[in-house]
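A short write-up of the structure that comes next.
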2 protein chains.
Amino acid sequence: MPHAPSRRPTILDVARAAGVSKSLVSLALRGDAGVSESTRARITAAADQLGYRSNALARGLVQGRTMLLGVLLTDLANPYHTDVVAGIEESAGEAGFGVLLAHGRRDAKRLASQLDTLVQLNVDGVIAVSSWVDPADLQAAARRTPVVVVGRPEHPPAGIDTVANDDAAGAALAMTHLVGLGHREIAFVTTSRRPAAEGRRCGYETASHRAGLSPHTVAAESVEELPLRVAPLLRSGVSALIANNDLTAVALLDIAHDLGLPVPERLSVVGYDNSTLAALVRPRLTSIDQPRPELGRTAVRLLLQRSGGRTTDRHEVLNPRLVARGSTGPYGR
Amino acid sequence: MPHAPSRRPTILDVARAAGVSKSLVSLALRGDAGVSESTRARITAAADQLGYRSNALARGLVQGRTMLLGVLLTDLANPYHTDVVAGIEESAGEAGFGVLLAHGRRDAKRLASQLDTLVQLNVDGVIAVSSWVDPADLQAAARRTPVVVVGRPEHPPAGIDTVANDDAAGAALAMTHLVGLGHREIAFVTTSRRPAAEGRRCGYETASHRAGLSPHTVAAESVEELPLRVAPLLRSGVSALIANNDLTAVALLDIAHDLGLPVPERLSVVGYDNSTLAALVRPRLTSIDQPRPELGRTAVRLLLQRSGGRTTDRHEVLNPRLVARGSTGPYGR
DNA sequence: TTGAAAGCGCTAACAT
DNA sequence: ATGTTAGCGCTTTCAA
């Protein structure tokens with residue numbers, strides 16, 4: 001029978017119903033050993049009957065911890081984040097922690113307020129899956145609870161651990177792949193100046209020099225601007241493109257299509273992130289895969305180490321791998 | 001200077017630092033009128049200096065409310081959910097509420113435990129953006145806090161409000177569009193038996209009959225099974241397909257491509273959800289758009305009405321609209 | 001094995 | 001304008 005949410009039953013209601021003290025109820029419901037079976041049965045029965053649920057606020061207040069981890073997200077829709085969150089949830093669950101998500105978009109102010117919400121809730125740690133949070137805000141939060149950043153913050157502030165994939169190594173993987181296919185004129189195309197994109201660009205340029213090739217980098221302000229910037233490149237004989245991410249890569253596929261350049265016969269394209277998109281578009285996108293769940297699991301591990309007393313900062317870097325699909329092929333077929 | 005998160009300063013620490021009582025600190029920090037400017041200044045200074053942040057657990061405990069709304073999600077990666085969440089965050093923010101997300105995948109057990117976490121945290125309401133939550137769990141939650149479901153639960157349980165788009169109307173929009181283009185043999189292709197897909201199927205069948213056409217429905221178990229089920233249909237002269245969602249529609253585009261059937265010249269395809277995917281694939285997908293942010297805003301409105309004392313259940317239905325793109329064209333061109 | 005009592009950090013009603 | 005006091009619901013000594 002749906003009735004208006006009346007006053008929630010408390011431990012005291014259960015105690016009265018079972019005819020015991022409230023401390024005994026607390027002990028019994030948490031499975032303490034020193035409670036006789038008969039009383040425990042009576043107590044659980046009373047609790048069930050009343051529909052009692054413990055109050056996490058009160059518990060958190062008295063225990064000084066909530067057994068909750070907070071995760072701060074920039075972008076829900078990004079499947080990259082989803083997989084990282086999956087890894088976080090897995091490891092957190094194993095360690096007995098619940099996971100609460102807060103969502104701040106690409107807006108430092110929003111993110112700060114969400115971070116604050118989490119901190120005020122006394123979560124036992126915060127994982128920021130975002131490079132958009134203001135370092136000062138992260139540091140303020142880190143004075144109250146362990147903070148780990150997944151990704152590459154502009155300037156990793158002191159007191160904070162980070163986990164990221166090795167962007168430079170990922171770009172180098174793309175280069176090795178393309179050079180192995182016989183390409184010599186390989187360009188890097190980016191629509192972002194954020195640290196992740198910059199890391200990839202650096203890796204690309206280093207790998208170019210190492211392979212004895214001269215790098216061509218196109219940095220567009222937006223996806224819309226790409227056709228204008230990329231067309232000359234393609235006319236100049238570039239046969240392969242490395243994009244800063246899959247979204248850019250898909251835009252490049254589109255441009256190639258519009259120019260009548262078949263992919264991969266005349267042009268090879270490599271994306272970054274191996275998002276679900278990569279497996280959906282035609283041709284399937286060759287892409288660099290970040291170990292996303294592993295990033296999440298590592299973040300939780302770092303968090304627990306912090307709670308455990310570590311005070312030195314750790315910055316973990318995980319290796320990406322290349323997933324070859326249909327958007328790359330041998331040169332000059 | 002990053003130091004180990006020591007004991008967080010409390011209102012009492014601030015009070016001592018400012019040389020006042022703790023109630024005055026509470027009043028001052030919350031902007032109560034009856035505090036002299038000079039003391040207020042002293043108090044805020046002390047609070048800033050100590051890096052004081054109020055404890056939401058304690059506040060929630062004493063006030064009996066947290067000013068937080070909980071949102072239960074099935075699938076973070078789905079951009080549909082993202083947009084609904086955006087609407088929720090907008091309306092919640094205007095009403096002074098924070099938003100906490102919990103993520104349970106398509107797993108009733110996980111969802112139940114996440115729902116419990118939110119309820120135990122004493123959130124002031126829960127919005128379940130998911131049709132996968134066990135109705136019994138929803139009802140249990142609804143005994144403690146207002147609950148709104150966005151979407152179409154299998155059997156809407158009593159005591160719970162819902163908001164959904166009108167799936168039947170959406171399918172009818174697709175029919176009108178295709179019939180207007182001259183198509184006569186139009187099939188509905190689904191990979192799901194969930195209420196949303198069923199609603200769309202019903203709408204399609206009703207619209208077919210109304211247009212004097214005979215419906216063809218293909219219900220596949222999975223996307224993988226589609227080619228086998230759809231090929232005969234296409235051979236039999238069907239010239240247009242309505243998919244239960246965009247993912248299915250994209251799979252259909254692929255199948256058409258593999259069969260050498262140009263879209264939209266020889267085959268028209270309509271998706272459902274107008275996801276970001278729809279604007280990325282080639283050809284761009286004509287799709288039915290749900291008013292996603294509006295769904296979220298409506299959910300918050302319903303929630304606030306409940307908190308405000310409404311006890312009767314409300315079930316809002318919002319109208320979708322068709323977004324025409326390149327995957328549909330006139331018959332028999 | 002059980003109960004009484006203190007207190008987590010805060011707000012709110014009631015003094016002063 | 002400021003201080004005192006009594007809880008919110010729970011865990012946690014400490015006694016019985």
Side-chain angles (χ1 to χ4, degrees), chain A residues 5-44 46-47 50-68 117 119-124 144-145, chain B residues 5-44 46-47 50-68 117 119-124 144-145:
Chain A
S6 55
R7 197 180 67 81
R8 310 206 223 297
T10 76
I11 202 174
L12 206 61
D13 298 318
V14 179
R16 272 195 286 265
V20 294
S21 76
K22 62 173 182 162
S23 359
L24 204 48
V25 175
S26 175
L27 291 173
L29 292 182
R30 278 176 305 135
D32 189 283
V35 179
S36 75
E37 269 320 309
S38 62
T39 7
R40 181 190 306 280
R42 235 174 341 124
I43 289 171
T44 27
L50 290 171
Y52 168 80
R53 319 256 58 195
S54 86
N55 183 327
L57 299 182
R59 193 175 348 107
L61 188 58
V62 61
Q63 292 195 142
R65 64 186 161 75
T66 49
M67 295 306 281
L68 290 173
T117 302
V119 168
Q120 289 191 26
L121 262 181
N122 273 28
V123 294
D124 295 335
R144 292 185 175 68
T145 194
Chain B
S6 53
R7 197 179 68 80
R8 311 209 226 292
T10 76
I11 203 175
L12 208 61
D13 297 318
V14 180
R16 272 195 287 264
V20 295
S21 77
K22 60 174 185 163
S23 2
L24 204 47
V25 175
S26 175
L27 290 172
L29 292 181
R30 279 176 304 140
D32 188 285
V35 179
S36 76
E37 267 322 308
S38 61
T39 19
R40 182 191 305 281
R42 235 175 341 123
I43 289 171
T44 26
L50 289 171
Y52 168 81
R53 319 258 58 195
S54 85
N55 183 326
L57 299 181
R59 191 174 349 104
L61 189 57
V62 62
Q63 292 196 141
R65 64 186 162 75
T66 49
M67 296 306 280
L68 290 172
T117 302
V119 168
Q120 289 191 26
L121 261 181
N122 272 29
V123 294
D124 295 335
R144 294 187 171 68
T145 195

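Treat the numbers as computed from the prediction; the structure is a model and nothing was measured. In what follows, chains carry the letters A, B, and so on, assigned in the order in which the sequence lines appear, proteins first and then strands, with residues in each chain numbered from 1. The figures here come from the full heavy-atom set of this structure, side chains too, leaving out hydrogens, waters and symmetry mates.
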| Thr66(A) to Asn122(A) - nearest heavy-atom pair and separation | OG1-O, 2.8 Å
| field | CG on Leu121(B) to CZ on Arg59(A), rounded to 0.5 Å | value | 9.0 Å
| field | Distance test, side-chain N/O of Arg59(A) to OP1/OP2 of dG9(D), below 4.0 Å | value | no
| said: Please confirm whether the shortest side-chain N or O distance from Thr10(A) to OP1 or OP2 of dC8(D) is below 4.0 Å. | reply: no
| Out of Leu29(A), Val20(A), Val25(A), Leu24(A), which one pairs with Val35(A) under the side chain to side chain contact (heavy atoms under 4.5 Å, CB included) rule? | Leu24(A)
| task | Provide, to the nearest angstrom, the distance between the CZ atom belonging to Arg7(B) and the P atom belonging to dG9(C). | result | 6 Å
| message | Using whole Å, what does the distance between atom P of nucleotide dA6(D) and atom CG of Leu61(B) come to? | response | 18 Å
| Below 4.0 Å: OP1/OP2 of dC8(C) and any side-chain N or O of Gln63(A) | no
| field | Ser26(A) vs dC10(D): side-chain N/O to OP1/OP2 distance below 4.0 Å | value | no
| query | Just checking, any donor-acceptor pair under 3.5 angstrom between side chains of Asn55(A) and Arg8(A)? | reply | no
| task | Using a 4.0 Å heavy-atom cut-off across all strands, classify Ser23(A) as base, sugar-phosphate, or nothing. | result | base
| said: To the closest 0.5 Å, what do you measure between CG (Leu27(A)) and OG (Ser21(A))? | reply: 8.0 Å
| remark: Rounded to whole Å, the CG-P distance (Leu27(B) to dA1(D)) equals 11 Å
| task | Take the protein atom CG of Leu24(A) and the nucleotide atom C1' of dC10(D), then report the distance between them rounded to whole Å. | result | 15 Å
| request: Measure the distance from CZ on Arg40(A) to C1' on dT2(C) and round it to the nearest whole Å. | output: 13 Å
| field | Rounded distance in Å - CG (Asn122(A)) to C1' (dG9(D)) | value | 16 Å
| query | Distance check: side-chain N/O of Arg30(B) vs OP1/OP2 of dA12(C), anything under 4.0 Å? | reply | yes
| message | Please report the distance, rounded to the nearest Å, between CG in Asn55(B) and P in dG9(D). | response | 16 Å
| field | Euclidean distance, atom CZ of residue Arg16(B) to atom P of dG3(D) [Å, nearest integer] | value | 14 Å
| remark: Of Thr39(B) and Leu12(A), the one whose nearest nucleotide on DNA chain D sits closer to the 5' end is Thr39(B)
| note | Closest to the 5' end of DNA chain D, once Arg42(B) and Lys22(A) are matched to their nearest nucleotides, is Arg42(B)
| request: Would you tell me if any nitrogen or oxygen in the side chain of Arg65(A) comes within less than 4.0 Å of OP1 or OP2 on dC8(C)? | output: no
